[in-house]
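Keep in mind that what you see is a predicted model, and the values were worked out from it rather than measured. Residue numbering restarts at 1 for every chain, and letters A, B, ... go by the order of the sequence lines.
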Amino acid sequence: MTNDVLIQLLAAFLFTVGMLVVLLRRDTIMVLMGIELLLNAANISLVAFSKSGGMIDGQLQVFFIITVAAAESAIGLSILVNLYRNFGSIQTQSATTLKG
Amino acid sequence: MSPVIIVLAAISAVLAITMLVAKNPITSALCLLGVLLMTAGIYGLIGEHLIATIQLVVYAGAIMVLFIFSIMLLNLNKESSEFKDKPGIFFGAVTMGMGVFGVIAFALNEHFLKHRQDIPTGEFTSEKVIALGGNSKVLSHALFSQFYISFEVISLALLIAIVGAVVLAKRKFD
(Lines give C-alpha, C1' and ligand atoms only; values in the text may rest on other atoms or scores of the structure.)
Protein backbone atom coordinates (compact mmCIF):
# COMPACT_ATOMS: atom_id res chain seq x y z
CA MET A 1 0.00 0.00 0.00
CA THR A 2 1.56 3.26 -1.08
CA ASN A 3 0.93 6.85 -0.13
CA ASP A 4 -1.66 7.60 -2.79
CA VAL A 5 -3.74 4.53 -1.93
CA LEU A 6 -3.79 5.60 1.72
CA ILE A 7 -4.80 9.14 0.73
CA GLN A 8 -7.54 7.83 -1.58
CA LEU A 9 -8.90 5.63 1.23
CA LEU A 10 -8.87 8.65 3.56
CA ALA A 11 -10.79 10.64 0.92
CA ALA A 12 -13.38 7.85 0.62
CA PHE A 13 -13.75 7.68 4.41
CA LEU A 14 -14.16 11.46 4.77
CA PHE A 15 -16.73 11.42 1.95
CA THR A 16 -18.71 8.71 3.76
CA VAL A 17 -18.66 10.58 7.07
CA GLY A 18 -19.66 13.83 5.35
CA MET A 19 -22.58 12.09 3.69
CA LEU A 20 -23.70 10.70 7.05
CA VAL A 21 -23.46 14.20 8.59
CA VAL A 22 -25.66 15.63 5.81
CA LEU A 23 -28.19 12.80 6.18
CA LEU A 24 -28.38 12.38 9.94
CA ARG A 25 -27.94 15.76 11.63
CA ARG A 26 -30.95 18.00 12.09
CA ASP A 27 -29.24 21.40 12.27
CA THR A 28 -28.98 23.37 9.05
CA ILE A 29 -25.51 24.54 10.07
CA MET A 30 -24.41 20.91 10.52
CA VAL A 31 -25.70 20.15 7.01
CA LEU A 32 -23.56 23.02 5.66
CA MET A 33 -20.52 21.70 7.55
CA GLY A 34 -21.16 18.23 6.09
CA ILE A 35 -21.12 19.76 2.61
CA GLU A 36 -17.74 21.34 3.39
CA LEU A 37 -16.43 17.92 4.49
CA LEU A 38 -17.69 16.36 1.23
CA LEU A 39 -15.96 19.05 -0.84
CA ASN A 40 -12.76 18.56 1.16
CA ALA A 41 -12.83 14.80 0.52
CA ALA A 42 -13.27 15.38 -3.22
CA ASN A 43 -10.36 17.86 -3.16
CA ILE A 44 -8.06 15.31 -1.47
CA SER A 45 -8.94 12.70 -4.09
CA LEU A 46 -8.36 15.11 -7.00
CA VAL A 47 -4.99 16.31 -5.72
CA ALA A 48 -3.71 12.79 -4.97
CA PHE A 49 -4.74 11.38 -8.36
CA SER A 50 -3.31 14.35 -10.21
CA LYS A 51 -0.07 14.18 -8.25
CA SER A 52 0.40 10.45 -8.83
CA GLY A 53 -0.32 10.91 -12.54
CA GLY A 54 2.20 13.70 -12.98
CA MET A 55 -0.38 16.33 -13.92
CA ILE A 56 -1.35 19.75 -12.58
CA ASP A 57 -4.97 19.91 -13.78
CA GLY A 58 -6.33 18.46 -10.52
CA GLN A 59 -4.55 21.06 -8.43
CA LEU A 60 -5.93 23.91 -10.56
CA GLN A 61 -9.41 22.40 -10.33
CA VAL A 62 -9.05 22.27 -6.53
CA PHE A 63 -8.08 25.96 -6.54
CA PHE A 64 -11.38 26.80 -8.24
CA ILE A 65 -13.37 24.41 -6.02
CA ILE A 66 -12.03 26.09 -2.86
CA THR A 67 -13.04 29.51 -4.21
CA VAL A 68 -16.55 28.33 -5.06
CA ALA A 69 -16.83 26.67 -1.62
CA ALA A 70 -16.01 30.01 0.04
CA ALA A 71 -18.73 31.76 -1.98
CA GLU A 72 -21.19 28.94 -1.29
CA SER A 73 -20.67 29.01 2.47
CA ALA A 74 -21.05 32.81 2.58
CA ILE A 75 -24.41 32.60 0.75
CA GLY A 76 -25.49 29.54 2.76
CA LEU A 77 -24.77 31.18 6.11
CA SER A 78 -26.66 34.34 5.18
CA ILE A 79 -29.65 32.18 4.16
CA LEU A 80 -29.24 30.47 7.55
CA VAL A 81 -29.39 33.81 9.40
CA ASN A 82 -32.59 34.63 7.50
CA LEU A 83 -34.04 31.22 8.38
CA TYR A 84 -33.32 31.81 12.06
CA ARG A 85 -34.89 35.27 11.87
CA ASN A 86 -38.07 33.94 10.28
CA PHE A 87 -38.65 30.66 12.08
CA GLY A 88 -36.75 31.21 15.34
CA SER A 89 -34.91 27.93 14.90
CA ILE A 90 -32.48 26.37 12.45
CA GLN A 91 -33.69 22.79 12.73
CA THR A 92 -34.44 21.38 9.31
CA GLN A 93 -37.91 20.25 10.35
CA SER A 94 -38.97 23.78 11.41
CA ALA A 95 -39.00 25.20 7.86
CA THR A 96 -42.04 23.39 6.55
CA THR A 97 -44.13 26.18 5.02
CA LEU A 98 -43.62 24.85 1.49
CA LYS A 99 -45.53 21.62 2.11
CA GLY A 100 -48.73 21.28 0.12
CA MET B 1 4.48 5.05 2.76
CA SER B 2 5.36 7.86 5.05
CA PRO B 3 4.51 7.42 8.77
CA VAL B 4 3.63 11.12 9.16
CA ILE B 5 0.90 10.80 6.54
CA ILE B 6 -0.48 7.74 8.38
CA VAL B 7 -0.64 9.72 11.63
CA LEU B 8 -2.32 12.71 9.94
CA ALA B 9 -4.84 10.43 8.20
CA ALA B 10 -5.67 8.61 11.45
CA ILE B 11 -6.15 11.89 13.34
CA SER B 12 -8.41 13.30 10.64
CA ALA B 13 -10.49 10.09 10.55
CA VAL B 14 -11.00 10.24 14.34
CA LEU B 15 -11.89 13.94 14.14
CA ALA B 16 -14.43 13.28 11.38
CA ILE B 17 -16.15 10.61 13.49
CA THR B 18 -16.19 13.01 16.46
CA MET B 19 -17.74 15.65 14.22
CA LEU B 20 -20.52 13.23 13.26
CA VAL B 21 -21.48 12.26 16.82
CA ALA B 22 -20.80 15.49 18.79
CA LYS B 23 -23.87 17.06 20.37
CA ASN B 24 -22.67 20.66 20.49
CA PRO B 25 -22.31 22.41 17.08
CA ILE B 26 -19.18 24.26 18.23
CA THR B 27 -17.47 20.92 18.94
CA SER B 28 -18.34 19.77 15.45
CA ALA B 29 -17.00 23.01 13.97
CA LEU B 30 -13.69 22.65 15.81
CA CYS B 31 -13.40 19.00 14.68
CA LEU B 32 -14.02 20.10 11.07
CA LEU B 33 -11.29 22.73 11.53
CA GLY B 34 -8.95 19.94 12.69
CA VAL B 35 -9.80 17.82 9.64
CA LEU B 36 -9.04 20.77 7.33
CA LEU B 37 -5.70 21.42 9.07
CA MET B 38 -4.69 17.75 8.75
CA THR B 39 -5.66 17.89 5.07
CA ALA B 40 -3.40 20.91 4.61
CA GLY B 41 -0.58 18.92 6.25
CA ILE B 42 -1.12 16.01 3.85
CA TYR B 43 -1.05 18.39 0.86
CA GLY B 44 2.22 19.84 2.11
CA LEU B 45 3.77 16.40 2.67
CA ILE B 46 3.04 15.17 -0.86
CA GLY B 47 4.61 18.34 -2.26
CA GLU B 48 1.60 20.50 -3.13
CA HIS B 49 2.69 23.65 -1.36
CA LEU B 50 0.41 26.17 -3.09
CA ILE B 51 -2.72 24.08 -2.47
CA ALA B 52 -1.68 23.54 1.17
CA THR B 53 -1.34 27.30 1.69
CA ILE B 54 -4.68 28.03 0.03
CA GLN B 55 -6.30 25.33 2.16
CA LEU B 56 -4.91 26.95 5.31
CA VAL B 57 -5.81 30.53 4.37
CA VAL B 58 -9.20 30.08 2.71
CA TYR B 59 -10.66 26.93 4.28
CA ALA B 60 -9.20 26.85 7.78
CA GLY B 61 -8.92 30.63 8.02
CA ALA B 62 -11.90 32.23 6.33
CA ILE B 63 -14.66 29.62 6.00
CA MET B 64 -14.30 28.13 9.47
CA VAL B 65 -14.23 31.58 11.08
CA LEU B 66 -17.49 32.30 9.26
CA PHE B 67 -19.02 29.07 10.59
CA ILE B 68 -17.91 29.58 14.19
CA PHE B 69 -19.01 33.22 14.04
CA SER B 70 -22.51 32.29 12.92
CA ILE B 71 -22.79 29.53 15.54
CA MET B 72 -21.98 32.14 18.21
CA LEU B 73 -24.29 34.71 16.60
CA LEU B 74 -27.27 32.34 16.56
CA ASN B 75 -26.59 31.13 20.13
CA LEU B 76 -27.19 27.49 19.31
CA ASN B 77 -26.23 26.03 22.66
CA LYS B 78 -29.80 25.80 23.85
CA GLU B 79 -31.02 23.74 20.94
CA SER B 80 -28.03 21.46 20.53
CA SER B 81 -29.19 18.75 18.22
CA GLU B 82 -29.23 15.18 19.29
CA PHE B 83 -30.18 12.15 17.28
CA LYS B 84 -33.91 12.15 17.76
CA ASP B 85 -34.46 9.46 15.16
CA LYS B 86 -35.10 5.87 16.05
CA PRO B 87 -31.87 3.91 16.49
CA GLY B 88 -32.84 1.81 13.47
CA ILE B 89 -32.47 4.83 11.19
CA PHE B 90 -29.02 5.61 12.60
CA PHE B 91 -27.73 2.09 12.14
CA GLY B 92 -29.31 1.87 8.70
CA ALA B 93 -27.54 5.06 7.65
CA VAL B 94 -24.22 3.80 9.06
CA THR B 95 -24.64 0.52 7.16
CA MET B 96 -25.36 2.48 3.99
CA GLY B 97 -22.24 4.58 4.63
CA MET B 98 -20.13 1.44 4.97
CA GLY B 99 -21.64 0.27 1.69
CA VAL B 100 -20.64 3.52 -0.03
CA PHE B 101 -17.11 3.24 1.37
CA GLY B 102 -16.90 -0.36 0.15
CA VAL B 103 -18.04 0.61 -3.35
CA ILE B 104 -15.44 3.42 -3.55
CA ALA B 105 -12.66 1.12 -2.29
CA PHE B 106 -13.71 -1.58 -4.76
CA ALA B 107 -13.69 0.92 -7.64
CA LEU B 108 -10.26 2.18 -6.54
CA ASN B 109 -8.87 -1.37 -6.56
CA GLU B 110 -10.56 -2.33 -9.81
CA HIS B 111 -9.87 0.74 -11.93
CA PHE B 112 -6.71 2.27 -10.43
CA LEU B 113 -4.53 -0.31 -8.70
CA LYS B 114 -4.92 -3.10 -11.24
CA HIS B 115 -4.11 -0.84 -14.23
CA ARG B 116 -1.40 1.20 -12.58
CA GLN B 117 1.19 0.48 -15.29
CA ASP B 118 -1.18 1.21 -18.17
CA ILE B 119 -2.11 4.71 -16.99
CA PRO B 120 -0.05 7.25 -18.97
CA THR B 121 1.75 9.79 -16.79
CA GLY B 122 1.68 13.48 -17.58
CA GLU B 123 4.67 15.69 -18.16
CA PHE B 124 4.76 17.29 -14.70
CA THR B 125 6.68 14.69 -12.72
CA SER B 126 8.32 15.71 -9.45
CA GLU B 127 11.75 16.22 -11.05
CA LYS B 128 10.28 18.28 -13.90
CA VAL B 129 8.37 20.51 -11.46
CA ILE B 130 11.55 21.12 -9.44
CA ALA B 131 13.47 21.91 -12.63
CA LEU B 132 10.76 24.37 -13.70
CA GLY B 133 11.09 26.34 -10.46
CA GLY B 134 8.83 24.64 -7.92
CA ASN B 135 5.19 23.78 -7.39
CA SER B 136 3.88 27.33 -6.84
CA LYS B 137 5.59 28.69 -9.95
CA VAL B 138 4.28 25.91 -12.19
CA LEU B 139 0.71 26.21 -10.89
CA SER B 140 0.70 30.02 -11.09
CA HIS B 141 2.04 29.95 -14.64
CA ALA B 142 -0.75 27.63 -15.75
CA LEU B 143 -3.31 29.68 -13.83
CA PHE B 144 -2.37 32.97 -15.50
CA SER B 145 -1.82 31.62 -19.02
CA GLN B 146 -3.95 28.58 -19.78
CA PHE B 147 -6.75 29.18 -17.28
CA TYR B 148 -6.91 32.98 -17.13
CA ILE B 149 -10.54 33.22 -18.31
CA SER B 150 -11.60 30.80 -15.55
CA PHE B 151 -9.63 32.92 -13.08
CA GLU B 152 -11.46 36.09 -14.13
CA VAL B 153 -14.84 34.34 -14.06
CA ILE B 154 -14.19 32.98 -10.58
CA SER B 155 -13.32 36.47 -9.30
CA LEU B 156 -16.60 37.74 -10.76
CA ALA B 157 -18.43 34.89 -9.01
CA LEU B 158 -16.85 35.92 -5.70
CA LEU B 159 -18.02 39.52 -6.24
CA ILE B 160 -21.58 38.30 -6.96
CA ALA B 161 -21.43 36.14 -3.80
CA ILE B 162 -20.42 39.14 -1.66
CA VAL B 163 -23.29 41.28 -3.04
CA GLY B 164 -25.73 38.38 -2.70
CA ALA B 165 -24.79 37.70 0.92
CA VAL B 166 -25.28 41.38 1.85
CA VAL B 167 -28.67 41.50 0.06
CA LEU B 168 -29.84 38.24 1.69
CA ALA B 169 -28.77 39.29 5.18
CA LYS B 170 -30.40 42.74 4.98
CA ARG B 171 -33.67 41.63 3.39
CA LYS B 172 -36.85 41.25 5.43
CA PHE B 173 -39.22 38.56 4.22
CA ASP B 174 -42.87 38.76 5.22
message: Nearest 0.5 Å, please: how far is CZ in B/Phe101 from CG in A/Leu20?
response: 12.0 Å
task: Look at B/Leu8, B/Ile162, B/Ile54 and state which one has the largest set of heavy-atom pairs under 4.5 Å with chain A.
output: B/Ile54
- prompt: Heavy-atom distance under 4.5 Å to chain B: side chain of A/Leu10, backbone, both or neither?
  reply: side chain
message: I'd like to verify something: which residue of B/Ile154, B/Val167, B/Leu158, B/Leu113 has the highest number of heavy-atom pairs under 4.5 Å with chain A?
response: B/Ile154
statement: Counting heavy-atom pairs under 4.5 Å with chain B, the top scorer among A/Gly34, A/Ala71, A/Ala12 is A/Ala12
field: Residues in residues 133-144 of chain B near chain A [non-hydrogen atoms, under 4.5 Å]
entry: B/Val138, B/Leu139, B/Ala142, B/Leu143
- request: Answer with side chain, backbone, both or neither: which region of B/Ser155 has an atom nearer than 4.5 Å to a non-hydrogen atom of chain A?
  value: neither
task: State whether the number of non-hydrogen atoms from other residues, nucleotides or ligands found under 6.0 Å of A/Phe87 atom CZ is greater than 12.
output: yes
- line: Looking only at A/Val62, A/Asn43, A/Val68, A/Asn40, most heavy-atom pairs under 4.5 Å shared with chain B are made by A/Asn40
field: Selection from B/Thr125, B/Ile104, B/Val166, B/Thr39 maximising heavy-atom pairs under 4.5 Å formed with chain A
entry: B/Thr39
Minimal non-hydrogen separation, B/Val58 against A/Ala70, with atom names: CG1-CB, 4.1 Å
message: Under 4.5 Å from any heavy atom of chain B, what part of A/Ile7 do you find: side chain, backbone, both or neither?
response: side chain
message: Heavy-atom cut-off 4.5 Å, strictly under: side chain, backbone, both or neither for B/Leu108 against chain A?
response: side chain
- request: Give the member of B/Glu123, B/Lys128, B/Met19 that has the highest number of heavy-atom pairs under 4.5 Å with chain A.
  value: B/Met19
query: Tell me, side chain or backbone of A/Ala69 under 4.5 Å from chain B's heavy atoms, or both, or neither?
result: both
- prompt: chain A: which of B/Ala105, B/Ala157, B/Gly164, B/Ser2 shares the most heavy-atom pairs with it under 4.5 Å?
  reply: B/Ser2
message: Need one label for A/Met19: side chain, backbone, both or neither, based on atoms under 4.5 Å from any heavy atom in chain B.
response: side chain
task: Name the option with the most non-hydrogen atom pairs under 4.5 Å to chain B; the candidates are A/Ile79, A/Asp4, A/Leu80.
output: A/Asp4
message: Need one label for B/Ala13: side chain, backbone, both or neither, based on atoms under 4.5 Å from any heavy atom in chain A.
response: both
message: In terms of relative ring orientation, are B/Phe151 and A/Phe63 parallel, tilted or perpendicular, with 30° and 60° separating the classes?
response: parallel
- line: Of A/Leu37, A/Leu14, A/Asp57, the largest count of non-hydrogen pairs under 4.5 angstrom with chain B goes to A/Leu37
- prompt: Which region of A/Glu72, side chain (C-beta onward) or backbone (N, CA, C, O), has a non-hydrogen atom less than 4.5 Å from a non-hydrogen atom of chain B, or is it both or neither?
  reply: neither
message: Using heavy-atom distances under 4.5 Å, tell me whether B/Ala10 contacts chain A through its side chain, its backbone, both, or neither.
response: neither
